[in-house]
Every structure is written in C-alpha cells, then in structure tokens.
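Input: a single structure, listed below in structure tokens.
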Amino acid sequence: QLVESGGGLVQAGDSLRLSCAASTGFFADYNMGWFRQAPGKEREFVAVIDWNAYNDYYEVSVKGRFFIYRDNANNMVYLQMNSLKPEDTATYYCAGDSDWGRLVTGRSEYWGQGTQVTVSS
C-alpha cells in the first residue's frame, strides 16, 4: 500500500527526491515517515511528519539537508535529500501509522518495499 520511488546512484553533494505513494484512502489521517537501513546496520529513523503537516522531525545527521513534506490531496509523501554524503547510502523505506509513537519508534503499521540510494564519494 506504500510504494517508494526516486532512489538511484548519485555523487556526493548531489540531490535526490524520494517519493512514496499511498494506495488507500487512509493517507490523510496518517502520520508518515522515512527510515533507512544500510548494509549490516539496523534500520534507523530519518524523518517524520504528522498527518496535517504541522510538525516534522529529523534525525540529527540529516537535519538541514533533508526535508519531508506531503501532498494529502494526492496521497504522496516526499523526502528531498540535498548535499548527499556517502554515509547516506542505504535502502530508504516509507512508513505510515495513525499512532505517532509507533511511527517514530519504527513500529509502523504500513511499510513500503524500499528504494536504494547510493552516494559515491
């Protein structure tokens, strides 16, 4: 029900925009987020946005470089990633949940299949 796109291979300093399309009508009532998992590491929180886009939060290492936003009319959430670094290389997952606590702790009800982002130095 969540489908990510927009990943790819880029060079350090480049930008990418990830997209997440929600296929059901629940989207406007759900808090949404992005997580990532690098090889050999646990999945980690990247950014979250609440259902009405009033609040957003970022992992410290991406704050100021990444921006999460949503388009409730079209059931989309985006992650704009600027000034990419090699350490941003990971599979990025979109997630959604009506419960804010479950979302930010990575226990979301809905997950996408992931999109790969590779940043070369």
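For clarity, every value in this text was computed on a predicted model and none was experimentally measured. Only this structure's heavy atoms are used, side chains among them; waters, hydrogens and symmetry mates stay out.
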field: Test: R70 cationic atom under 6.0 Å from F27 six-membered ring centre, within 45° of axis
entry: yes
field: Lys NZ or Arg CZ of R43 over W111 ring: under 6.0 Å, within 45°
entry: yes
task: Determine whether the side chains of E109 and Y30 contain a donor N or O and an acceptor N or O closer than 3.5 Å.
output: yes
field: Whether D50 side chain and N31 backbone form a donor-acceptor pair below 3.5 Å
entry: no
task: Enter the distance from M76:CE to S19:OG here, rounded to the nearest 0.5 Å.
output: 4.5 Å
query: Has the side chain of T89 got a donor or acceptor atom that lies under 3.5 Å from a matching backbone atom of V119?
result: yes
query: Can L84 be reached from W34 by stepping across I, L, V, M, F, W or Y side chains whose heavy atoms are under 4.5 Å apart?
result: yes
- prompt: Aromatic rings F66 and Y92: how do their planes relate, parallel, tilted or perpendicular, breaks at 30° and 60°?
  reply: tilted
message: If we ignore hydrogens and angles and just use 3.5 Å, is the side chain of E4 paired with the main-chain N or O of C94 as donor and acceptor?
response: yes
message: Please determine whether the number of non-hydrogen atoms from other residues, nucleotides or ligands lying under 6.0 Å from atom CD of Q113 exceeds 12.
response: yes
- request: For the pair T118 (side chain) and L9 (backbone), establish whether a donor and an acceptor sit closer than 3.5 Å, ignoring hydrogens and angles.
  value: no
Non-hydrogen atoms of M32 and I68 that approach each other most closely: O-CD1, 3.9 Å
Salt bridge (charged side-chain N to carboxylate O under 4.0 Å, His left out) partners for R36, two or more places apart: E44, D88
query: Has the side chain of E59 got a donor or acceptor atom that lies under 3.5 Å from a matching backbone atom of K63?
result: no
- prompt: From Q116 CD over to T91 OG1, what is the distance, rounded to the nearest 0.5 angstrom?
  reply: 4.0 Å
Scan the side chains in residues 99-106 for donor-acceptor partners under 3.5 Å anywhere in the protein, sequence neighbours excluded, and list what turns up.
residue, atom, partner, partner atom, Å
D99, OD1, G101, N, 3.0
D99, OD1, R102, N, 2.8
R102, NE, D97, OD1, 3.1
R102, NE, D97, OD2, 3.0
R102, NH2, D97, OD1, 2.7
T105, OG1, G101, O, 2.7
T105, OG1, R102, O, 3.3
T105, OG1, R107, NE, 3.0
T105, OG1, R107, NH2, 3.3

field: Gap between atom CZ of F67 and atom CD1 of I49 - 0.5 Å precision
entry: 12.5 Å
query: So which pairs with a foot in residues 8-18 pass side chain to side chain donor-acceptor pair (under 3.5 Å), sequence neighbours left out?
result: S15-N82, R17-Y69
field: Nearest heavy-atom neighbours spanning S108 and A95
entry: OG-CB, 3.6 Å
